[in-house]
Amino acid sequence: MAQETAGAAQAKQPTFEEFCHQTFDFKKAFGKPEALKGCRVLSCTQYILGPSCASYLAELGAEVIKIEAPRRGEAMRHTTPFNEPFLYPLSRWVPERGTGLGFLGANPNEYFISCDFHRPEGQAIVKKLAAKSDVVVENYRPGTFERWGIGYRQLSKINPRLVYCWLGGFGGWGPGRVRASYDILGQSQGGNFGMTGKPEFMGGAPSKHTIWLADYWGGMMGAVQILAALYWRDKVSGEGTFTEYSQVHGVTRQLEYALPLYGRHGIVRERWGNWDTQLCVHGIIKCGKSSYPQSENPQEQEEGYILVSAYDDKDFVRLCQTVGDGKTAEKYAKHDARVKPQSQIEIYDLLEKWAADKTKEQVAELLDKANINNQPVWNSKEVANHPHWQERGAVQWLDDQTFGDLMHQGPAYMMSATPPRLKWALKPVGADNEYILGKLAGLSSEELRRLEEQECI
Amino acid sequence: MATPKVAPWPAIPISKPEEVYAGLSEQAKEYPLFLESIVRQEHNFEKPEALSRLRVLDCSTRMMIGHWCSSLLAELGAEVIQVEPLGGDPLRQNTPFGRRQYMFRDKETGEEVGGQFLHEMRNKLSITLNLETEEGREILKKLAVQSDVVIENAPPGQWDSWGIGYRQLSETNPRLIYCWVGQRGQWGPLKDKPGMLDPVAQAACGFVHGTGDPKEFGGQPTRSALWMADHVGGTSAAMGILAAVLHRENVSGQGQFIEATAAEAIIRILDYNWAWHSMDGSIRPRYGNWDLAINIYAVNPCKDGYMMVGGGHDRLWYRIWRTVGDEYPTVEEDILGDPHLREVADRLAHDMQVKTYTMLGEWLKDNPRSEAERKLSKQQVASGGVLYVNEVAEYPHFKYRGHVGEYDSPHYGKILYGTTPFLQQKTPGRLKWLGRPTGYDNGDVYRRLLGLNREDFTRLKQAKVI
């Protein structure tokens with residue numbers, strides 16, 4: 001009897017994978033509480049760096065109020081690939097235009113109000129909102145908000161619990177403080193741009209990380225800093241603070257061994273293309289054949305690429321067996337021998353010759369059989385339609401309340417008790433003027449109408 | 001080995017405030033000087049640390065994502081204990097092209113560590129623990145009871161089967177925040193596909209496919225030189241951990257289970273890829289150092305390297321061409337006279353981008369980076385050269401602000417490193433130390449947290465547990 005009960009209990013215990021699947025199922029997120037519920041964030045931001053920072057907090061349940069210029073909204077709404085796809089309408093005042101896709105991903109779950117920071121009435125609204133907020137995120141040129149009377153020194157007097165986060169390119173002080181910045185400039189000057197791509201002797205040049213990486217990732221760094229400041233406020237001091245994040249500084253922070261190597265030996269880290277400077281084999285090779293030769297899309301006609309990873313000695317032997325080259329296995333039996341630049345050139349050349357008559361899927365199959373780590377280079381269609389990413393909610397179909405069906409990225413990470421979640425992709429400019437300004441600034445419909453007519457909101 | 005002759009850093013002295021703000025009115029310098037007074041890193045040690053009450057066990061090995069995550073928490077003041085396998089994390093052995101002369105050597109023991117691992121071993125304690133042994137896992141349980149956060153990256157389900165997974169540790173410490181980090185995830189169809197190291201995630205999420213020049217321009221899919229997806233994934237893990245800490249302190253009193261992957265962190269920030277695909281089947285193409293959605297916004301070759309120039313909207317567009325027109329009036333005339341370049345939106349067509357950058361290239365080819373930047377800056381246009389690490393280290397603005405710092409390590413001597421970008425008025429991030437030899441803190445941590453004594457140490461060492 002006792003044995004039977006134990007057996008039944010054991011049967012009920014889900015496997016680890018079942019447990020994870022149930023725990024992290026993104027479709028169940030709405031049945032759970034939110035980590036930052038009750039936290040209010042004013043996002044006085046434009047482009048990507050500042051907006052994305054606030055949006056990560058919005059995914060966690062903070063009430064993020066995005067303040068934009070009246071009518072046309074912020075610049076990123078007018079940015080879209082090849083000027084083709086748009087989400088309509090831009091706003092109730094400009095229904096014939098749409099929001100460009102450049103705006104997507106940096107502003108989910110937010111409330112959208114419009115307000116002209118230049119006008120005293122607009123500044124008064126910001127002050128009223130800031131008095132009732134926990135966080136202000138701002139990325140105007142340094143000192144601009146201060147000049148408008150809504151900078152850190154002014155707002156922290158109204159609300160000493162405020163965490164004021166400024167994000168930008170070069171920071172608000174120092175010889176380059178007046179320089180404007182964008183993501184691509186942050187990458188260029190911070191140092192990761194010059195290291196990415198093939199080296200010159202292979203015909204390569206410095207390469208941009210395709211996405212607005214220093215912006216989107218910089219926003220995450222800003223959010224980490226804000227969360228730490230909120231923790232200190234709530235747990236210890238009761239006081240807010242000022243934080244400054246420079247995206248070019250962030251990029252320099254992540255240069256791995258480049259600075260230690262330069263400082264000690266005076267050696268400047270160079271580009272090494274799709275291979276790894278520290279591990280071999282651990283690089284991306286070209287497969288000679290396209291996976292979709294019949295496709296009309298040039299993205300699919302292109303030959304495939306695959307990451308092959310066999311840096312451990314045993315894995316390397318198996319890789320050479322798969323490729324059918326015993327001599328190389330012997331010659332480069334030790335990692336120290338394999339990882340030298342000349343050896344890498346020889347080994348990857350060999351691998352590409354072997355893969356010349358194969359698609360990336362065929363290479364992956366052969367490597368899987370030999371138990372060698374690999375990862376085909378997937379394009380955005382392959383990622384969007386892969387069951388792994390769909391099941392995990394990394395990409396998900398969103399029934400957006402304004403724009404209908406959209407495929408959208410899910411949050412970057414999962415939490416069992418208070419999962420971050422996607423509620424809506426974005427809203428038109430000023431969509432929540434009545435709701436937010438009524439609720440937090442006490443504006444009557446008459447005042448709202450007047451401010452609207454004067455294009456102050 | 002002979003000491004290489006390397007110029008000391010900084011080769012050119014760091015500017016002084018009176019030089020930087022020379023010629024400005026009192027009013028104009030008041031705001032930057034105020035900012036300096038509240039966020040300059042020199043004042044860090046007069047201030048408290050935001051996360052000084054948190055203890056983090058980072059048990060991740062061989063992968064950067066966990067180390068990056070715990071680095072950020074350590075910079076913000078958490079007590080981070082790096083739990084390494086006996087002999088140290090294999091990442092310690094990584095060095096470019098296998099060149100051991102580039103490694104950093106402990107003055108006392110001669111133990112070597114590679115620069116990449118060293119750079120992320122900031123403010124962390126190092127202990128060794130063999131989790132392959134039953135006793136090692138018992139020790140981990142005891143450490144976890146006294147910790148706020150555990151980070152691990154073992155193959156999916158391994159810790160669970162060992163009896164030290166989230167399900168078990170959360171029973172003995174319900175306040176524990178348990179974070180698994182990895183490349184593609186511990187559940188779902190790809191969970192058993194091995195592959196632990198970036199750029200696995202970069203390739204699996206669409207990032208590599210989208211980076212580099214288009215094929216027609218001689219390009220191919222390109223990885224980031226850095227283990228970038230690990231950096232982004234580690235940052236997102238830190239966000240999740242801190243959100244869980246806040247919720248625990250403010251609301252629930254309970255910890256929770258977090259999973260963060262390098263691939264999904266990049267999927268999150270691949271802006272419009274997914275929506276665009278869902279609208280008309282588009283697959284985002286590579287566009288090299290140009291941008292699909294903004295013109296002018298690109299890096300192009302110039303006289304002595306590569307130059308970024310940016311200005312999408314009209315105001316900056318005309319300023320850029322005015323700058324070019326000072327030297328090449330015909331170029332300015334041609335651009336301003338072209339009806340297909342008049343509207344911001346029209347400029348985004350591919351042919352128009354080609355024309356724009358061909359014309360801009362005419363000017364750039366005669367201008368070195370510094371000259372181009374000087375001329376464009378006069379017009380307040382965002383611009384700057386692609387800098388290499390030696391230039392980053394000596395860049396006056398970065399030096400003045402301390403983006404790069406030199407730490408004099410008791411173990412390894414002077415190390416040049418990238419400082420924390422977490423500048424703050426009240427609880428700034430900071431560097432306390434950089435790098436620890438393997439197991440350096442065994443004595444401290446095991447005595448302090450578990451009360452082990454000399455005999456215990458001897459026995460555990462002999463049994464190859466620590």
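Both backbone and side-chain heavy atoms feed into the values below; hydrogens, waters and symmetry mates do not. This is a predicted model, so every value here is computed, not measured. Just so we're on the same page: letters track the sequence lines, and every chain starts at 1.
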Check whether any side-chain N or O of B/K426 sits under 3.5 Å from a backbone N or O of A/G240 as a donor-acceptor pair, and report yes or no.
-> yes
Using non-hydrogen atoms and a 4.5 Å limit, figure out which bit of A/R179 sits close to chain B: side chain, backbone, both or neither.
-> side chain
Over all heavy atoms of both residues, which pair between B/L348 and A/T80 is shortest? Give the atoms and the distance, please.
-> CD1-O, 3.7 Å
Side chain / backbone / both / neither for A/Y311 at chain B, heavy atoms under 4.5 Å = side chain
Against chain B, work out which of A/W212, A/Y245, A/W272 has the most heavy-atom pairs shorter than 4.5 Å and name it.
-> A/W212
Pair A/N374, B/K193: side-chain N/O donor-acceptor within cut-off below 3.5 Å | yes
Name the option with the most non-hydrogen atom pairs under 4.5 Å to chain A; the candidates are B/G206, B/A265, B/P194.
-> B/P194
So which of B/N273, B/D271, B/T211 actually passes side-chain contact (heavy atoms from CB on, under 4.5 Å) with A/I211?
-> B/D271
Could you tell me which portion of A/T252 (side chain, backbone, both or neither) has an atom closer than 4.5 angstrom to a non-hydrogen atom of chain B?
-> both
Please test A/Q189 against B/M308 for side chain to side chain contact (heavy atoms under 4.5 Å, CB included), starting from the C-alpha separation and ending with a verdict.
-> CA-CA 9 Å; A/Q189 302 236 290; B/M308 180 275 175; over 6 Å; no
For A/L307, is it the side chain, the backbone, both or neither that has a heavy atom under 4.5 Å from a heavy atom of chain B?
-> side chain
Where the side chain of A/H388 meets the backbone of B/L190, is there a donor-acceptor pair that is under 3.5 Å apart?
-> yes
Mark yes or no for whether B/H403, through its side chain, and A/S246, through its backbone, hold a donor-acceptor pair below 3.5 Å.
-> no
Distance-only, no hydrogens or angles: does the A/N297 side chain make a donor-acceptor pair with backbone N or O of B/S282 under 3.5 Å?
-> no
Under 4.5 Å from a heavy atom of chain A, the part of B/W68 involved | side chain
Going by the angle between their ring planes, with limits at 30° and 60°, are B/F257 and A/F24 parallel, tilted or perpendicular?
-> tilted
Side-chain donor-acceptor pair under 3.5 Å between B/Q116 and A/Q278, yes or no?
-> yes
B/R223 vs A/H209 side-chain heavy atoms within contact, under 4.5 Å = no
Working for ring pair (Phe, Tyr, Trp, His ring centres under 6.0 Å), residues A/Y257 and B/H119 = CA-CA 7 Å; A/Y257 61 78; B/H119 201 249; 9.7 Å; no
Below 4.5 Å from any heavy atom of chain A, which atoms of B/V251 appear? Answer side chain, backbone, both or neither.
-> neither
Counting heavy-atom pairs under 4.5 Å with chain B, the top scorer among A/T23, A/L36, A/L60, A/V248 is A/V248
Looking at A/K340, A/H335, A/H282, which one has more heavy-atom pairs under 4.5 Å with chain B than the rest?
-> A/H282
Applying a strict 4.5 Å limit to non-hydrogen atoms, the region of A/R153 in contact with chain B is side chain
Would you call A/E244-B/R401 a salt bridge at under 4.0 Å N-O?
-> yes
Run the numbers on B/Q202 and A/I284 for side chain to side chain contact (heavy atoms under 4.5 Å, CB included), then give the verdict.
-> CA-CA 11 Å; B/Q202 288 184 38; A/I284 292 165; over 6 Å; no
Decide yes or no on ring pair (Phe, Tyr, Trp, His ring centres under 6.0 Å) for B/F207 and A/W378, but give the supporting numbers first.
-> CA-CA 8 Å; B/F207 175 85; A/W378 286 331; over 10 Å; no
Just do the ring pair (Phe, Tyr, Trp, His ring centres under 6.0 Å) check on B/Y102 and A/H265 with the steps written out, would you?
-> CA-CA 8 Å; B/Y102 294 165; A/H265 298 285; 5.4 Å; yes
Top of A/A180, A/G176, A/A258, A/A106 for chain B proximity - count of heavy-atom pairs under 4.5 angstrom = A/G176
Side-chain donor-acceptor pair under 3.5 Å between A/T418 and B/Q256, yes or no?
-> yes
Side-chain donor-acceptor contact under 3.5 Å, B/W274 with A/S380 = no
Candidate pair B/W276 and A/M407, rule side chain to side chain contact (heavy atoms under 4.5 Å, CB included), full reasoning = CA-CA 8 Å; B/W276 193 17; A/M407 193 180 265; over 6 Å; no
Taking 4.0 angstrom as the limit, do A/R392 and B/E259 come out as a salt bridge?
-> yes
Looking at A/Y216, is B/R268 sitting on its ring face, NZ or CZ under 6.0 Å from the six-membered ring centre and within 45 degrees of the normal?
-> no
Between B/Y388 and A/E270: side-chain donor-acceptor atoms closer than 3.5 Å = no
Within the distance-only criterion (no hydrogens, no angle test), does the side chain of B/Q424 pair as donor or acceptor with the backbone N or O of A/T241 below 3.5 angstrom?
-> no
B/P221, B/A237, B/G157, B/G413: which one forms the most heavy-atom pairs within less than 4.5 Å of chain A?
-> B/P221
Under a 4.0 Å N-O cut-off, is there an ion pair linking B/R286 with A/E302?
-> yes
Are B/T419 and A/H249 linked by a side-chain donor-acceptor pair shorter than 3.5 Å?
-> yes
For each of A/V178, A/L104, A/D336, A/D276, tally heavy-atom pairs with chain B at distances under 4.5 Å, and name the one with the top tally.
-> A/D276
